[in-house]
2 protein chains.
Amino acid sequence: MTNTKVYLEIVKQLREMITIDGLKTGDKIPSERELSERLNFGRSSVREALRALELLGLIETRRGEGTFIRDFRGHQLVQLLSTFILQDERAKRDVFETKNYLEMDCLRLALKKMNDQNHANLKDWVVKTDSFTDDEFFQRIIGTADNHLFLRIWIILKEYYYSLEAEDIVNKREDYLLLCEALAEKSEEKTISAYCKLRNLSFFNDKY
Amino acid sequence: MTNTKVYLEIVKQLREMITIDGLKTGDKIPSERELSERLNFGRSSVREALRALELLGLIETRRGEGTFIRDFRGHQLVQLLSTFILQDERAKRDVFETKNYLEMDCLRLALKKMNDQNHANLKDWVVKTDSFTDDEFFQRIIGTADNHLFLRIWIILKEYYYSLEAEDIVNKREDYLLLCEALAEKSEEKTISAYCKLRNLSFFNDKY
DNA sequence: ATCATCTAGTGGTCTGACCACTTTTTGAAG
DNA sequence: CTTCAAAAAGTGGTCAGACCACTAGATGAT
């Protein structure tokens, strides 16, 4: 009869509770004991559901205080999944390849969505900031690309990437300026070409 | 003193156990009772760890049989994260946009990596198969693109997509043939253009 | 050799009991 | 009345033991 596992049922009801009550990041959810009473399940089942959501990074529990809704960040996930997924060598090449293609997509999107103000801001930042990382630059690009999903995937890829290649990416400021120029000109060809220069890719020959 | 939560410690030790013993998909892991004895933790704590891994889709438990390592597919993750993440309307547009861009990337990759044999096979399949879905077609494309990470991300996006738009994608066979032609010609421009025709996108005007 | 039955093993769930920690309340001293 | 330390209440963390439901393998009669 009880075809669905209790802890999954609890997860489901928690989701509903969150949607209906409009709970937001940082909000507190009922205590384990209260949940087990209200939902008519044992406390251990409630805990199993909560622990699963915690490992996913969707909630945060603080002893003595309570359980809170949390902003989603991939972090727990990536470490976990990487041991399960990133087993063979080919996977390494895939990460590299995928990250590059994704960044090019974000550039194409930014190309379409940027306005003059965006261009000015970006260039201003590149020129005036003493020292910035490659990540910070692309975070801005993806910001103007205005696509949270791309951002999320990119963040995960970035973490994979750094778990493979320890060293930070360092590039010359002029390369980034070239990219800014290409974006301002709204030329996809120039933009992609500038990106390849930045990453040291020969576009028609990137076997890796 | 016990700074790290027990269930996280158990997850960690399970990962080590899997790596060291070289356990693979489908293999059985020790029973809950045995784990709680071997690791010196209560059974409920062991269960919390297992439930979390199960919700992630990394293991599968069958009552009366045992717990098994599972092949990772976005599966549970997608459904879960979608309600927690895809709350606003903008997210819907993001899924659409991201899926399209990702598919174009796969086409570009396939363009570079395909050989004549691949082309022949693909065209043959398109012509001879009575009825195929859009998913099946792109699964083949990503197959020749030979990038498991792209495949994984695409599968997740596909599920997001269908959780938003219930209806299956149906296209004309000739559109797919056009795409095959473009790939065979190794022309990126024609390929992208054929894709846009397939998806009814005007390439320079796809605000949504 | 076959097949139904029993049994041991496994996951699923609940209860009650502590512990460690945080927040709130209480109440005495000023 | 205010202040502030002590007590109480609330919360997550963990464990042990008890049952239930289900599966697979052992048992035993035919």
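To find a chain, count down the sequence lines: A is the first, B the second, and so on, and within it residues start at 1.
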Next on the checklist: Tell me whether A/N115 at atom CG has more than 12 heavy atoms from other residues, nucleotides or ligands lying less than 6.0 Å away.
Outcome noted: yes

Checklist entry - Just checking B/G64: base, sugar-phosphate only, or nothing, at a heavy-atom cut-off of under 4.0 Å? => result base

Checklist outcome for this item: Heavy-atom nearest nucleotide on DNA chain C taken for A/R33 and for B/L50; more 5' hit belongs to B/L50

Next on the checklist: Distance criterion of 3.5 Å, no angle test: do you see the side chain of A/R43 paired donor-to-acceptor with the base of D/dG13?
Outcome noted: yes

Checklist outcome for this item: Sorted by position of nearest nucleotide on DNA chain D, 5' first, the leading residue of A/I29 and A/S44 is A/I29

Next on the checklist: Let's see if you can work this out: which of D/dG13, D/dT11, C/dT10 has an atom nearest to the side-chain heavy atoms of A/R47?
Outcome noted: D/dG13

Checklist entry - Does a side-chain N-to-carboxylate-O contact under 4.0 Å join A/R51 and A/E60? => result no

Item to check | Candidate nucleotides C/dG11, D/dG12, D/dC15, ranked by approach to the side chain of A/T61 - the nearest | outcome: D/dG12

Next on the checklist: From OH of B/Y7 over to P of D/dG12, roughly how many Å is that when rounded to an integer?
Outcome noted: 14 Å

Item to check | Gap between atoms CD and P, on A/E48 and C/dG12 respectively (whole Å) | outcome: 8 Å

Item to check | Mutual orientation of the aromatic rings belonging to A/F96 and A/Y161 [parallel < 30°, tilted 30-60°, perpendicular > 60°] | outcome: parallel

Next on the checklist: Over all strands shown, is B/R62 touching base, sugar-phosphate only, or nothing at heavy-atom distances under 4.0 angstrom?
Outcome noted: sugar-phosphate

Item to check | B/E65 and B/R63: CA distance, side-chain angles, deciding distance, salt bridge (Lys or Arg N to Asp or Glu O under 4.0 Å) verdict | outcome: CA-CA 5 Å; B/E65 296 182 57; B/R63 169 188 283 185; over 6 Å; no

Next on the checklist: Could you tell me how far apart B/L35 (CG) and D/dC15 (C1') are, to the nearest whole angstrom?
Outcome noted: 16 Å

Item to check | d(CD, B/E65; C1', C/dG12) in whole Å | outcome: 14 Å

Checklist entry - Atom CD of B/E32 to atom C1' of C/dT13: distance rounded to whole Å? => result 11 Å

Checklist outcome for this item: Rounded to whole Å, the CD-P distance (B/E34 to C/dG11) equals 10 Å

Checklist entry - Can you list the residues that meet the salt bridge (Lys or Arg N to Asp or Glu O under 4.0 Å) rule with B/D124, with sequence neighbours excluded? => result B/K128

Checklist entry - With nearest nucleotides of DNA chain D determined for B/S45 and A/T67 from heavy-atom distances, which residue corresponds to the more 5′ nucleotide? => result A/T67

Checklist entry - Counting side-chain heavy atoms from CB outward, which of C/dA20, D/dC22, D/dT11 is closest to A/R63? => result C/dA20

Checklist entry - How long is the line joining NZ of A/K5 and C1' of D/dC22, in whole Å? => result 12 Å

Item to check | Length of the line joining B/I10:CD1 and D/dC15:C1', which is rounded to integer Å | outcome: 12 Å

